[in-house]
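We use all heavy atoms of the structure for the numbers below, so side chains are in, but hydrogens, waters and symmetry mates are not.
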Amino acid sequence: EISQTMISKLLYALVLTAVAADYAFVEIEQPGSSPKQLVGLFGSFGDKNSTTTSRRFVLAKPYTACRALSGVKNSIVVMGRGECAFSAKCAYAEKAGAAGCVVINNATEIYEMGSVPDTKRISIPAVMIDKTAGEELLQAMRKQTVYGKLVRFERPLFDASIAVLVLMAVGTVAGGAYWSAARERDGSARYSRIDAEAVDDEEEEPAVLNEYFAWGFIVVASLGLVILFYFIDYLIYVLVFIFCLAGAQGLFLTLTSLARATLPVSCTRASYPLPQLGQITWINTIVTIVSVGVAVLWGVYRKEPFAWILQNILGIAFLLTLQRTVQLPNVKVAGVLLVLAFLYDIFWVFLSPYFFQQSVMVKVATGGSSGEAMPMLLKMPRLTDPTPGDSLLGLGDIAIPGLYISHLLRFDYETDNHWVFGDSCSRDRCRRPNTVIGFFSIGMIGYVAGLILCDIVLIVTKMGQPALLYIVPCVLLPVVLLAKARGNLKSLWSGKGTNEPNAPNDGSYHMGSIANGNGSNAKGK
């Protein structure tokens with residue numbers, strides 16, 4: 001019986017249909033300018049139509065409005081949450097002749113106010129606004145007499161910030177994959193200026209993960225999530241510091257590689273002596289200042305409205321560097337990692353409330369009661385939706401599929417299984433014209449489809465969704481089915497090369513040598 005209840009609630013959470021929410025603007029008239037609009041939500045009781053005439057805003061006395069009021073006739077009563085039911089507050093306001101009521105929540109969120117069974121029918125409009133909007137309204141009322149209206153509005157079904165977030169994620173995955181496949185693309189051990197000039201010393205091989213790492217990663221991530229669940233109010237500041245450190249390092253490596261690929265050699269190699277450290281290049285010095293500066297600025301001003309720009313810069317740089325410095329050797333390891341991440345998301349979002357009384361993932365992602373937000377995500381302020389908030393996407397929803405898609409692109413380059421129009425020659429290798437759609441393209445299409453599917457469910461259910469729940473099937477199944485149809489599945493699965501006619505036989509760098517630890521300076525064996 002318990003298991004059936006759990007399953008039914010899980011299915012309900014997955015297929016929940018949209019519930020129409022009645023949004024309202026609390027309009028504050030401002031002489032000589034357009035009205036100030038504070039976003040609110042109508043309660044389940046009362047009139048849900050706009051007030052037709054401008055009314056004076058009056059503060060309830062007592063503030064919680066849990067007993068009879070006076071001096072509020074034909075006014076919009078502003079009251080605080082607490083002590084009695086929402087409907088009871090508004091019933092007192094209506095009995096005193098008020099034209100409407102505004103309830104200020106004690107948290108930075110709004111929801112539909114409910115009523116208690118013994119409350120008589122209320123006919124005046126009742127709107128809840130969040131704590132931040134409430135403070136703004138109270139501040140205006142302290143300065144002068146405030147007039148305004150309660151105006152109903154329809155929230156748009158889709159916000160443009162979702163599309164921008166999808167483009168950022170897709171661009172990051174594609175850019176990281178392209179950088180990761182630089183060696184396979186050129187077919188030589190020291191392949192292009194973007195990498196050959198990236199460091200002063202001999203470049204290290206990327207770290208190659210195995211399936212033991214995949215299992216270990218999920219176990220450690222789960223244990224870390226539980227620890228954060230209980231101590232998030234304190235450990236959130238550790239996460240902020242780690243994000244600053246990782247973001248600065250990622251930005252340094254990304255900008256350094258970019259600069260050395262685009263600037264003249266004379267600029268990139270210009271240096272100056274530093275005691276105890278020897279010759280230091282100017283480009284490294286400048287990029288270090290910029291990288292550390294961006295991280296420090298975000299750390300100091302992370303709660304400011306513009307901080308999302310700095311956060312996205314650090315997050316994207318970290319993701320690009322991760323795809324460049326870490327590799328999956330084959331689809332077998334990638335499949336284990338993706339499937340475990342898929343199950344991880346389902347359990348910690350949907351099933352954890354049955355063991356921890358609330359969603360572990362949701363509490364950690366929202367920062368608990370610390371007032372801080374989880375930094376390990378990309379965010380975009382809503383553009384066409386007037387309700388406050390941001391569209392969010394976790395870095396893990398980009399990093400894990402990104403490592404897999406990077407492997408697909410490297411495999412495509414090794415087997416000439418990708419788009420090439422005309423002869424494409426690198427330093428020591430030429431490729432024939434090829435119009436075959438590679439596994440990378442299929443993986444990218446699947447990634448876009450998974451993000452879009454996730455966004456559709458989010459829009460329909462009005463609930464945040466674990467993106468990997470939709471991304472993993474979309475990126476994994478089409479590639480496996482296509483590889484099976486083409487006869488590439490064995491080589492793609494094992495990562496040990498291929499015997500297909502198109503396979504290059506020119507002594508160029510192969511993934512199999514890394515996967516087996518046979519390549520020069522191979523790591524992750």
Side-chain angles (χ1 to χ4, degrees), residues 38 106-109 130-136 139 161 164-165 168-169 171-172 175-176 224-225 227-259 274 277 280-322 325 361-383 387-399 464:
L38 306 175
N106 55 11
T108 55
E109 61 180 357
D130 67 18
K131 181 180 179 180
T132 303
E135 291 172 350
E136 191 170 347
Q139 185 177 7
S161 62
V164 175
L165 204 61
M168 282 197 291
T172 301
L225 202 61
I227 294 172
L228 288 173
F229 176 75
Y230 288 108
F231 303 103
I232 186 63
D233 291 347
Y234 310 101
L235 294 180
I236 186 68
Y237 301 103
V238 177
L239 295 180
V240 168
F241 175 75
I242 292 174
F243 179 77
C244 287
L245 196 63
Q249 183 179 20
L251 189 58
F252 172 82
L253 293 174
T254 302
L255 292 180
T256 300
S257 295
L258 208 58
L274 202 63
L277 296 177
I280 304 295
T281 61
W282 283 103
I283 192 67
N284 282 359
T285 302
I286 294 171
V287 169
T288 298
I289 294 172
V290 171
S291 301
V292 173
V294 171
V296 170
L297 279 175
W298 177 84
V300 174
Y301 298 104
R302 62 184 180 277
K303 294 185 179 181
E304 297 299 319
F306 63 83
W308 64 272
I309 300 174
L310 302 176
Q311 182 170 326
N312 288 348
I313 291 173
L314 294 172
I316 290 173
F318 168 75
L319 291 168
L320 291 172
T321 303
L322 182 69
T325 57
M361 187 78 80
V362 171
K363 180 180 177 180
V364 172
T366 55
S369 59
S370 66
E372 296 282 347
M374 176 66 70
M376 282 73 172
L377 47 81
L378 299 185
K379 63 193 302 184
M380 185 70 194
R382 289 173 181 155
L383 299 175
T387 58
D390 307 287
S391 295
L392 308 172
L393 184 63
L395 297 189
D397 301 323
I398 304 171

Query raised in the report: Which value, rounded to the nearest 0.5 Å, describes the distance between Arg382 atom CZ and Ser391 atom OG?
Result: 6.0 Å

Query - Within 6.0 Å of NZ in Lys363, more than 12 heavy atoms from elsewhere - result: yes

**Report entry** Side chains of Leu393 and Leu377 in contact at under 4.5 Å (non-hydrogen atoms)
**Finding:** no

Requested in this report: Answer whether the closest heavy-atom distance between the side chains of Cys244 and Val296 falls below 4.5 Å.
Outcome: no

Requested in this report: State, yes or no, whether a side-chain contact exists between Phe318 and Leu253 at a heavy-atom distance under 4.5 Å.
Outcome: no

Report summary line: side-chain hydrogen bond (donor to acceptor under 3.5 Å, both in side chains) pairs touching residues 304-316, sequence neighbours excluded, are Trp298-Gln311

Query raised in the report: Less than 4.5 Å apart, any side-chain heavy atom of Val164 and any of Met380?
Result: yes

Query raised in the report: If you draw a 6.0 Å radius around CZ in Phe231, do more than 12 non-hydrogen atoms from other residues or ligands fall strictly inside?
Result: no

Query raised in the report: Should Val364 and Met374 count as side-chain neighbours, where that means a heavy-atom distance under 4.5 Å?
Result: yes

Query raised in the report: Closest heavy-atom contact between Ser161 and Leu383?
Result: N-CD1, 3.9 Å

**Report entry** Test item: Leu165 and Leu378 side chains (from C-beta on) under 4.5 Å apart, heavy atoms
**Finding:** yes

Query raised in the report: Do the non-hydrogen side-chain atoms of Ile286 and Ile289 ever get within less than 4.5 Å of each other?
Result: no

Query raised in the report: With a 4.5 Å limit on heavy-atom distance, are the side chains of Leu251 and Thr321 in contact?
Result: no

Query - side-chain contact (heavy atoms from CB on, under 4.5 Å) partners for Ile280, two or more places apart - result: Tyr272, Leu274, Leu277, Thr285

Report summary line: Closest non-hydrogen contact found for Leu320 with Thr172 is CD2-O, 3.5 Å

Query raised in the report: Atom CG in Leu314, atom OG1 in Thr254: separation rounded to 0.5 Å?
Result: 10.5 Å

Requested in this report: Please assess Phe243 against Val238 for the test side-chain contact (heavy atoms from CB on, under 4.5 Å), listing each intermediate value before the final yes or no.
Outcome: CA-CA 9 Å; Phe243 179 77; Val238 177; over 6 Å; no

**Report entry** Residue pairs, two or more places apart or on separate chains, that pass salt bridge (Lys or Arg N to Asp or Glu O under 4.0 Å) and touch residues 285-301
**Finding:** none

Report summary line: salt bridge (Lys or Arg N to Asp or Glu O under 4.0 Å) filter on Glu135, not counting sequence neighbours, yields none

Query raised in the report: Taking all atoms of both residues into account, what is the closest heavy-atom pair of Ala248 and Ala295, and its distance?
Result: CB-CB, 3.9 Å

Report summary line: Shortest non-hydrogen pair, Ala259 vs Ile283, comes out as CB-CD1, 3.6 Å

**Report entry** side-chain contact (heavy atoms from CB on, under 4.5 Å) between Leu310 and Tyr301, worked out
**Finding:** CA-CA 9 Å; Leu310 302 176; Tyr301 298 104; 5.7 Å; no

Query - Heavy-atom closest pair, residues Met376 and Ile242 - result: CE-CG2, 4.5 Å

Query - Qualifying salt bridge (Lys or Arg N to Asp or Glu O under 4.0 Å) pairs, either residue in residues 284-302, two or more places apart - result: Arg302-Glu372

Query - Closest approach of Leu322 to Ala399 (non-hydrogen atoms, all atoms of both residues) - result: CD2-CB, 3.6 Å

**Report entry** side-chain hydrogen bond (donor to acceptor under 3.5 Å, both in side chains): pairs with one or both residues in residues 227-237, sequence neighbours excluded
**Finding:** Asp233-Ser369

Query - Thr132 backbone acceptor or donor facing Asp130 side chain under 3.5 Å - result: yes

